[in-house]
There are 2 protein chains.
Amino acid sequence: MGRNSLKDERQKEIIQKYYLVAKKEGIENTSIAKIALEMDINPSLIIHYFKNKEELNYALVDFILEKYLIIYKRQNVEEDDLKGYLVELIDKLFSKKWNALFNDSIFYSCYAIGFRDNIIKGKFKRLHDSLRKHLSDVLMKCKIAGVIQIDSPEATADLIYVLVDGAYYYLSLISERGEYENKLKSYKEYAFGLLKI
Amino acid sequence: MGRNSLKDERQKEIIQKYYLVAKKEGIENTSIAKIALEMDINPSLIIHYFKNKEELNYALVDFILEKYLIIYKRQNVEEDDLKGYLVELIDKLFSKKWNALFNDSIFYSCYAIGFRDNIIKGKFKRLHDSLRKHLSDVLMKCKIAGVIQIDSPEATADLIYVLVDGAYYYLSLISERGEYENKLKSYKEYAFGLLKI
DNA sequence: AAATTAATTGAATGTTCATTCAAAATTACG
DNA sequence: CGTAATTTTGAATGAACATTCAATTAATTT
């Protein structure tokens, strides 16, 4: 009996708006009051759904990291085309769109908070390990199928992600379009070189 | 005539304290008031020396980035031992101490601000280009002297720094000592592999 | 000692903030 | 319709904030 709960939807709405506001103004300049203003609701409603700002931040980190996992959830899998799958994956990892989609101020701000908050650090660690594990599994399958010749799928996957992370770190500083594209291309070629493709 | 200016010393003291407070509490939780409290001075004195918080932040970024350049300023240079110099440099780049010294919450927080502040983004870009240029110069000298065989010193230097940046990004998430050291070691070996040393 | 310059303090400003609480509005069910 | 659950509002709290301004203190020179 009683009214139906809107908790899940509202919480998601709030976090999404939080993300948008923070993206524009920076996480350090984003307050509960500002999110509420933007949503045209009362600040106390946000507290009603999230208890306090810390909880709100944890939810934001989860939101960001979940988005990241799309990389291996939205991909065509054709049973027989292992190599095609791998190439598509690497192509996506080193794509401008990918960087624009997931690499931003909020991501690094949250990452930085991880230095002082082990819960957040753990969330990031789990994300990156999960990405590495996925690539490693793909590489292992390719190796068994004779598509690629590498020693350790695990080490290679790790190295490729080190490359991805380092690449985006530097690329995000580049404002000149040509320079950006040249670099990105050369990093990608290098990654393919690791796989001897 | 009149009293001598303490401007330079005071500014440096303030920025250093800012850095320390921010390291402990996070840059987003650090206020002028807190820095003043920690220094046992009046908040208005900080404004006297820095005009406003934005100026204070620019100075903090300069402070952090200057520290970074130590890597190629504090190194023994023996004219005839090019290879030794190179090995020492790479060793240093991939060292735990190095990571601990320069890789922290504040660094990434400031980097993140760069996404919305082109002045700060420019400062980071210049730092990283300067690091790359230095390594590239060293590699060029080594190549001419026949110490290493590589194609492009510039591209190799770039790649090594991509590796360094990506490595520290991931390593900072690792809390287990053994895992950290193994990874770091393997990344370093890989960098040496790039130089065929 | 007087004049000058800069450092430093202290009080005050108005704003924004997270959070609390009680009251009101809304929806569902019997 | 009445009860129960949940949403939503609105007002209030006290703390913290960046910044201002005028007044005071301290060092330096003539």
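Worth saying up front: this structure is predicted, and the values here are computed from it rather than measured.
Between the side chains of B/Y170 and A/D158, no donor N or O sits under 3.5 Å from an acceptor N or O.
Ring pair B/Y169/A/Y111: centre-to-centre distance below 6.0 Å. Not less than 6.0 angstrom separates the ring centroid of A/Y168 from the ring centroid of A/F102.
Donor-acceptor pairing under 3.5 Å, judged by distance alone, is absent between the side chain of B/R3 and the base of D/dT28.
Residue contacts shown for A/L45 include a base, since a base heavy atom lies under 4.0 Å away. Using a 4.0 Å heavy-atom distance criterion, B/N42 is classed as a base contact. Note on A/Y49: only backbone sugar-phosphate atoms sit closer than 4.0 angstrom, heavy atoms only; bases stay farther off.
Rounded to whole Å, the distance from CG on A/L56 to C1' on C/dT19 is 13 Å. Put simply, CG on B/N29 is 12 Å from P on C/dA18, counting in whole angstrom units. A/I32 places its CD1 atom 10 Å from the P atom of C/dC17, with the value rounded to the nearest Å. The CD1-P distance, from A/I46 to C/dC21, rounds to 19 Å in whole Å. Atom-to-atom, CZ of B/F50 to P of D/dT20 comes out at 16 Å; the value is rounded to the nearest Å. The CD1-P distance, from A/I35 to C/dT16, rounds to 16 Å in whole Å. For the pair B/I41 CD1 and C/dG10 C1', the computed distance is 14 Å after rounding to whole Å. Taking atom CD of B/E28 as the reference point, atom P of D/dA16 lies 17 Å away to the nearest angstrom.
The side chain of A/K53 sits closest to C/dT19 out of C/dT19, D/dA18, C/dA7. Each of C/dT8, C/dA6, C/dC17 was ranked by its minimum atom distance to the side chain of A/K34; first place goes to C/dC17. Residue A/S44 places its side chain closer to D/dG10 than to any other of D/dC17, D/dT6, D/dG10. Side-chain atoms of A/H48 lie closest to D/dT7 of the nucleotides C/dT19, D/dT19, D/dT7. Closest approach to the B/R10 side chain among C/dT8, C/dT9, D/dT19 is made by C/dT8 (side chain taken as heavy atoms from C-beta onward). Listed nucleotides: C/dA18, D/dT20, D/dT8. Nearest to the side chain of B/I47: D/dT20.
OP1 or OP2 of D/dT28 has at least one side-chain nitrogen or oxygen of B/N4 nearer than 4.0 Å. Within the structure, a side-chain polar atom (N or O) of A/S31 is placed less than 4.0 Å from OP1 or OP2 of C/dC17.
Electrostatic pairing of A/K133 and A/D129 does not count as a salt bridge here, judged by no charged N lying under 4.0 Å from a carboxylate O.
Residues B/K143 and B/Q149 form no side-chain contact, since every pair of their non-hydrogen atoms from C-beta on lies 4.5 Å or further apart.
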